[in-house]
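Everything quoted here is computed from the prediction, not taken from an experiment. Just follow the structure's listing: the first ligand is 1, and inside any ligand the first atom is 1.
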Amino acid sequence: HRAKQGRQAMLFYSSDMNQRSLARIKLTTDLHHALARDEFELHYQPQVNAQTGQICGAEALIRWRHPQRGLVPPGEFIPFAEESGLIVQIGIWVFNAACQQMAQWRHQGLGLERLAINLSPRQFGRHLVDELLAVVNQHQLPASCIELEITETLLMKADEDVTATLNALHQAGFSLALDDFGTGYSNLGYLHAFPLDYLKIDQSFVRGLPDNHSNAAIVRAIIGIALNLELQLIAEGVENEAEAQFLASLDCHQLQGYYLAKPMPAADFVNLLQPSERSLLGY
Ligand code: C2E
Ligand code: MG
Ligand code: MG
Ligand code: MG
């Protein structure tokens, strides 16, 4: 009797596994189609000067305009794209679309200094630098207006090739930002080993500032280290005035989060750009 139950459990388990791998295969095929049918789009979220509230940059964030499911957030497909390797093609699509948009805004005389674009560790192949330079050149953009957001995972397992690629990107004029800083269980010693310009404090440490005392202590420490290493700081996921004011009081340079603005389509983002002197801080 026990053996039979065990066997049934096994059967359930393996059919569940099969369904999950089928779902994965389906998602991978759907993502191929999405690329072919141009179903991806970029939304833009402003990054503001913490003292003045003025926009100094924006982050481009991918969404999937799915014919049945509607607007799908990246958390639901980027991990699969990374697993299957399709992130390389999606990543170049993102980079091209973001540069095209940035070039258009610059032609229109809209004052956006910098556009941040996320890079997956899997994009760090031999041709990355040449590919990215070809795209910025095609759109007649200086590399200096593009900030590349990289992950701690990339730095933690960075070999000589990755390090050389990061140095070449920096040499070419791109800014480098370390995204989601503090989530990677990494040691701080590596920070100075790479040509970083920006450090993005992960939103989990911003939550509940200043009342959340452990977050306040962590954020103080991160800001202290970053200022010593002459890195620019961007706090992510700022959701309210208390968080914004505390971060500004600690000399965090830039803020990004729903309190300032949610990510939005390009057509809406231009409305934020027009009155360029405007502050997004509510106080
Ligand atoms: P990320 O790069 O850390 O982007 C910040 C995420 O935080 C975005 O989620 C943004 O919408 C969200 N966010 C911003 N402000 C707030 C806030 O005040 N509160 C809360 N709760 N969330 C806030 P999103 O757009 O869903 O993107 C999730 C992640 O997907 C990104 O995290 C990034 O890791 C990845 N991703 C997005 N676009 C791309 C892309 O083009 N390429 C790659 N490789 N990854 C991407
Ligand atoms: Mg990012
Ligand atoms: Mg982030
Ligand atoms: Mg994040």
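Taking every heavy atom of G257 and a limit of under 4.0 angstrom, the matching atoms of ligand 1 come to 15 (N), 18 (O). In the vicinity of D180, heavy-atom distances shorter than 4.0 Å reach the ligand 1 atoms 3 (O). Near Q45, with a cut-off below 4.0 Å to any heavy atom, the atoms of ligand 1 are 14 (C), 15 (N). Counting atoms of ligand 1 from 1 in the listed order, those under 4.0 Å from a heavy atom of V238 are 18 (O). Close approach of ligand 1 to D179 is summarised as follows: ligand atoms under 4.0 Å from at least one heavy atom of the residue are 1 (P), 2 (O), 3 (O). Applying the 4.0 Å criterion to heavy atoms of P263 picks out, from ligand 1, the atoms 11 (O). Counting the atoms of ligand 1 from 1 in the order shown, those under 4.0 Å from a heavy atom of G237 are 15 (N), 16 (C), 17 (C), 18 (O). Each of the following atoms of ligand 1 lies closer than 4.0 Å to a heavy atom of S120: 44 (N).
The option from P74, A60, A235, G91 that lies nearest to atom 30 (O) of ligand 1, judged by heavy atoms, is P74. For atom 12 (C) of ligand 1, the choice among E149, R63, Q203 with the nearest heavy atom turns out to be Q203.
Distances shorter than 4.0 angstrom occur between a heavy atom of E59 and an atom of ligand 1. By the 4.0 Å heavy-atom criterion, Q256 is excluded from the residues contacting ligand 1.
Hydrophobic clustering places L229 together with I222 (ILVMFWY residues linked when any side-chain heavy atoms are closer than 4.5 Å, directly or through intermediates).
Between F269 and W105, the angle of the ring planes lies from 30° to 60°, which puts this pair in the tilted group. The aromatic rings of W64 and F40 lie tilted to each other, with the angle between the two planes from 30° to 60°.
Between E59 and K200, at least one side-chain nitrogen of the basic residue sits less than 4.0 Å from a carboxylate oxygen of the acidic one, meeting the salt-bridge criterion. Under 4.0 Å is where a charged nitrogen must lie from a carboxylate oxygen, and between R63 and E41 no such pair does.
The parts of I62 lying near ligand 1 are both backbone and side chain, judged by heavy-atom distances below 4.0 Å.
Between the side chains of E236 and Q203, no donor-acceptor pair is found at a separation under 3.5 Å. A donor and an acceptor atom, one from each side chain of H139 and N96, are located under 3.5 Å apart. A donor-acceptor pair shorter than 3.5 Å can be found between the side chains of S214 and N212.
Hydrophobic cluster membership for Y198: I234 (Ile, Leu, Val, Met, Phe, Trp, Tyr linked by side-chain heavy atoms under 4.5 Å, directly or transitively).
Side chain of Y190 to backbone of E152: no donor-acceptor contact under 3.5 angstrom is found.
Close N/O approach between E236 and ligand 1 is found [any backbone or side-chain N/O within under 3.5 Å]. For P73, no nitrogen or oxygen atom sits less than 3.5 Å from a nitrogen or oxygen atom of ligand 1, counting backbone and side chain alike.
Protein N/O/S atoms nearer than 2.8 Å to the Mg ion (ligand 2) total 4.
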